[in-house]
Amino acid sequence: MDSFKKFVAKRALSDSLPKTHQVYELIRQAIISMHLPPGAPLVEKEICAELGISRTPLREAILNLATQNLVVIRPGGGTFVNRIVLRQVLQGQMVRDTLEVRLTRLAARNFTTEIAPDFELSLFQQSAAAKRRDVDAFFALDNEFHSLVCRCAGFPDAWQTIHMATGQLDRIRRHAFPTENTFDLVLDEHRQIYDRIKNHDEDGAEKAFQAQIDSIFPTIKVVKTSFPHMFDTDAVSVEDIR
C-alpha cells in the first residue's frame with residue numbers, strides 16, 4: 001500500500017465531480033500502473049482515510065472494477081487486485097481492432113482545421129513527457145490522443161466504451177512503456193496517424209493505427225514470459241485471435 005499512498009498523494013479529488021467515478025478512475029490507474037500490483041489487497045478503511053471519503057463511493061467504485069475483472073471480491077475474505085487475464089487482454093484488443101479502426105477512418109473523413117490545435121498540443125505534450133521519461137503522464141496522454149481521435153470522428157462518447165473494455169489490455173500497454181524506445185516509438189506512431197487524419201487519408205490512417213495496435217502482440221508474449229506470476233491461468237493464446 002505504500003506505493004499506492006504515494007500515488008494517491010499526488011492526486012486530489014474534486015468536489016465538483018461524482019466521487020464514485022473519480023475513485024474508480026484513480027484505483028483503475030493505480031492498478032494499471034502497478035502501484036497496486038496483482039494480488040494487492042484493497043483495504044477499505046485505509047483507502048477511505050487516504051482519500052477522505054466515505055465507504056459508499058469506494059464500494060461502488062470497487063463493484064465497477066469487479067465487473068471488468070480488475071479486482072476480485074471474496075465474500076468474507078476481502079478484495080484484491082486481480083491478476084492479468086489474457087482472454088480479456090485479447091478481448092480488449094479486439095474492441096480496439098474493430099471499433100477504434102472504424103473511428104480512425106471516420107476521423108480522417110471528418111477532420112477539420114478547428115481540431116488541429118488540439119492534436120498539435122497533444123503531440124507537443126507527449127513529446128515533453130517522452131523527454132522526461134514520465135511514464136504516467138505519457139500513458140495518460142496516449143489515451144487522451146485516442147480520445148481526441150474519437151472526438152474528431154464525431155463520436156466522442158465512443159472513447160468511454162473503449163476505455164471500459166480495455167482495462168486488462170491497458171495493464172500490458174502500460175507495463176511496456178518504461179522499456180527502451182517505447183516513448184519515441186509511440187510518439188512517432190501518433191504523428192503518423194495524425195498526419196494521415198489531417199490529410200483525409202482514410203486508408204493511410206487505418207494502416208498507421210493498425211500498425212500501432214498490432215505491436216501489442218509481441219509485447220504480450222514478452223510480458224507473459226518475463227512476469228508469469230502476474231497472469232491468471234488461461235488456455236487462450238495470442239494466436240487464437242490472429
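Since we're looking at a predicted model, the values are computed, not measured. Atoms considered below: every heavy atom in the structure, side chains included; atoms not considered: hydrogens, waters and symmetry mates.
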Does the [X] side chain pair with the main chain of [Y], one donor and one acceptor, at a distance under 3.5 Å?
X    : Y    : result
T98  : V95  : yes
Q88  : L169 : no
E144 : S122 : no
N82  : N69  : yes
T166 : I162 : yes
T225 : V222 : no
T182 : A176 : yes
S127 : L123 : no

Measure across [X] and [Y] and return the closest heavy-atom pair with its distance rounded to 0.1 Å.
X    : Y    : result
F139 : I32  : CE2-CG2, 3.9 Å
I62  : V71  : O-CG2, 3.7 Å
N110 : C152 : CB-O, 3.7 Å
P57  : K19  : CB-CB, 3.9 Å
A137 : A129 : CB-CB, 4.3 Å
I73  : A66  : CD1-CB, 3.9 Å

How are the rings of F4 and F7 set relative to one another: parallel (under 30°), tilted (30 to 60°) or perpendicular (over 60°)?
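Ring orientation of F4 relative to F7: parallel.
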Could you check whether the rings of F111 and Y194 sit parallel, tilted or perpendicular, using 30° and 60° as the cut-offs?
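Taking Y194 first and then F111, their aromatic rings stand perpendicular (interplane angle over 60°).
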Side chains of [X] and [Y]: does their closest heavy-atom pair fall under 4.5 Å?
X    : Y    : value
H175 : M230 : yes
L103 : W159 : no
Q68  : Y24  : yes

Nearest 0.5 Å, please: how far is [atom2] in [Y] from [atom1] in [X]?
X    : Y    : atom1 : atom2 : value
H146 : L141 : NE2   : CG    : 11.5 Å
Q125 : F145 : CD    : CZ    : 12.5 Å
L51  : L13  : CG    : CG    : 5.5 Å
L148 : F119 : CG    : CZ    : 4.0 Å
Q93  : L86  : CD    : CG    : 11.0 Å

If we ignore angles and hydrogens, is there a donor and acceptor under 3.5 Å between the side chains of [X] and [Y]?
X    : Y    : result
D214 : Q210 : yes
Q29  : H35  : no
R171 : Q168 : yes
E60  : H21  : no

If you measure from the Lys or Arg side-chain nitrogens to the Asp or Glu carboxylate oxygens, is any gap between R151 and D118 under 4.0 Å?
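Here R151 pairs with D118 in a salt bridge, since their nearest N and O are under 4.0 Å apart.
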Between D188 and R191, is the closest basic N to carboxylate O distance under 4.0 Å?
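D188 and R191: not salt-bridged.
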State which residue, out of R109, K207, R196, fulfils the side-chain hydrogen bond (donor to acceptor under 3.5 Å, both in side chains) condition with E202.
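When R109, K207, R196 are each tested with E202, the side-chain hydrogen bond (donor to acceptor under 3.5 Å, both in side chains) holds only for R109.
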Are more than 12 heavy atoms from other residues, nucleotides or ligands located less than 6.0 Å from atom CZ of F80?
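Correct, the count exceeds 12.
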List the steps and the verdict of salt bridge (charged side-chain N to carboxylate O under 4.0 Å, His left out) for R105 and D201.
CA-CA 8 Å; R105 292 188 65 90; D201 179 0; over 6 Å; no
